[in-house]
Amino acid sequence: MFVSEVMAQQTPVARVEPVWLTWMARWPTPAALAADPPGEAVRAWGRLGYPRRALRLHEAARAMVQRHGGQVPTQHADLLALPGVGSYTAAAVACFAHGIPLTVVDTNVRRVLARALTGTALAAPALTTAETALATTAMPTDREDALLWNVAVMELGALVCTARTPHCPACPIRATCAWQAAGAPPPSGPARRGQAWDGTDRQARGALLQVLRDATTPVTEPTLAAAWPDPAQRARCLDGLIADGLVEPLSKGRYRLPGTTTH
DNA sequence: AACTCGTGGAT
DNA sequence: TATCCAAGAGT
C-alpha cells in the first residue's frame, strides 16, 4: 500500500502494477528494503520515472526500521515526516490502509471538485489551501461515509471525470455538477505550458541513469558520453545525480548506482 | 510561489 | 506527429 502510493505519484497506476509486484516479492517488508543498498532500489525502480522517489522510498524504509519498529506508521504526522511522503500520500495511506477519515486530495479529486462544486473545467496548476479546505468541507463527517467519499471521488475523477475528454453522459452527479450547469465552459486563464523534453536536463539525467541501471559493472566516462554526448550538460547532470544520491562516483572516473556491489 | 524532477500511453 | 498529463514532493 505504502509502496504503491509512492510509485503512483505522477505515474499512471497501470504502469505501476508490474513494478510493484516485482518490488514487493523482493522486499516484502520495510526491513528487507532497508537492508539493501539504495542503488538496488533505484535499479528496481526501472523506468517508472522520477527516480528520486526510489531513493526516498528506501530512506522511508530505513526510517520505519529506526523509528517505527519496521512497520508503516499509522499516524498522519508520522507518515508526513517520512521522506517522499506529502499531504496526498500521508492522507491516502492513513485513510485507505488504516481507515482514518482524512481528506485525500489528489489530481483526480481536485479536478472533480473544480467541476462539480466550483464550476471550472480544470483545477489550479498547483494545490491551494482553498482546494484543501473545499475538499474538507465537502467530505461527509461520518467516518464510514468519509472513507467511501474519498474512494468514490477519486475513482470518479480517474474513470469518468477525466482531464481530457470527460464522460459526462455517464456521470452519476451530472445533474448537480456546477460545470455542467454553467454550460461546460472551456478552461479559463493562461494555458499551462507543456513540459519541454528534448535536450533538457531531465532527458539527460534519464539517459545517464538508464545506462547505470542496465550496467552490472561500474560505468566509465566514455560509456556515459555515448549516452549523452554534450560534455557540459553531461557533467552538470552527473554532478546533479551524484548530489541527489542517485549515482556514486568511484575512482578512475567510474560510476555506479549507490552502494551496489559490482564484479 | 515557481521550478524542478522521468517516462510512456493516449489522443 | 505533437501535445497532454499521470492516485506529487521537495526546495
Side-chain angles (χ1 to χ4, degrees), chain A residues 1-20 42-43 45-57 59-60 79-97 102-113 121-132 135 149-167 186-187 190-213 227-228 233 236-237 239-247:
Chain A
M1 172 68 208
F2 184 88
V3 173
S4 65
E5 287 298 344
V6 173
M7 287 184 173
Q9 291 167 1
Q10 290 289 285
T11 302
V13 172
R15 200 141 58 79
V16 164
E17 185 177 352
V19 180
W20 180 82
V42 174
R43 195 191 308 279
W45 195 255
R47 302 184 64 80
L48 282 182
Y50 292 149
R52 291 188 292 195
R53 290 183 296 160
L55 227 40
R56 297 191 184 117
L57 188 50
E59 294 169 13
L79 286 162
L80 209 48
L82 295 171
V85 177
S87 60
Y88 163 75
T89 304
V93 172
C95 182
F96 300 146
L102 297 169
T103 314
V104 181
V105 183
D106 75 332
T107 187
N108 293 304
V109 173
R110 296 179 60 215
R111 185 175 54 249
V112 169
L113 297 186
L122 296 174
L127 178 64
T128 64
T129 56
E131 283 181 88
T132 303
W149 187 88
N150 277 323
V151 177
V153 175
M154 195 177 302
E155 286 295 299
L156 186 64
L159 301 177
V160 178
C161 194
T162 53
R164 204 84 72 90
T165 54
H167 309 112
R192 71 170 84 177
R193 66 182 193 284
Q195 306 167 339
W197 178 247
D198 285 335
T200 61
D201 281 5
R202 288 160 86 161
Q203 187 186 28
R205 287 167 57 104
L208 295 173
L209 208 54
Q210 184 179 0
V211 171
L212 289 159
R213 277 198 310 265
W228 198 265
Q233 190 176 26
R236 178 176 71 245
C237 290
D239 284 348
L241 289 167
I242 293 168
D244 288 344
L246 285 164
V247 172

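What you are looking at is a predicted structure, and each value in this text was computed from that prediction instead of being measured. Just so it is clear: chains get the letters A, B, ... in the order the sequence lines come, proteins before strands, and each one is counted from 1. What's counted below: heavy atoms across the whole structure, side chains too, no hydrogens, waters or symmetry copies.
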Report which part of the nucleic acid A/Pro51 touches: base, sugar-phosphate, or nothing (heavy-atom distance under 4.0 Å, all strands). sugar-phosphate
With heavy atoms under 4.0 Å as the rule, sort A/Arg213 into base, sugar-phosphate or nothing. sugar-phosphate
Can any side-chain N or O of [X] pair as donor or acceptor with the backbone N or O of [Y] at less than 3.5 Å?
X	Y	value
A/Arg111	A/Cys161	yes
A/Ser4	A/Met1	yes
A/Arg110	A/Ala126	yes
A/Arg53	A/Met7	yes
A/Gln9	A/Tyr50	no

Between [atom2] on [N] and [atom1] on [X], what's the gap in Å once rounded to a whole number?
X	N	atom1	atom2	answer
A/Met7	B/dG6	CE	P	16 Å
A/Asp201	B/dC3	CG	P	16 Å
A/Glu17	B/dG9	CD	P	15 Å
A/Trp228	B/dG6	CH2	P	12 Å
A/Arg205	B/dT4	CZ	C1'	9 Å
A/Leu209	B/dT7	CG	P	7 Å
A/Trp45	B/dG6	CH2	P	12 Å

When you look at A/Thr103 and A/Thr132, which way does the side-chain contact (heavy atoms from CB on, under 4.5 Å) test go after all the steps? CA-CA 8 Å; A/Thr103 314; A/Thr132 303; 5.9 Å; no
Using the P atoms only, state how far B/dC5 lies from C/dA7, rounded to an integer number of Å. 22 Å
Separation of the P atoms in C/dT11 and B/dG6, to the nearest angstrom: 14 Å
In a check of side chain to side chain contact (heavy atoms under 4.5 Å, CB included) between A/Ser87 and each of A/Asp106, A/Val105, A/Leu127, A/Val104, which one passes? A/Leu127
Quick one: what's the B/S/- string for nucleotides 4-11 of chain C, heavy-atom cutoff under 4.0 Å, read 5' to 3'? BSBBBSS-
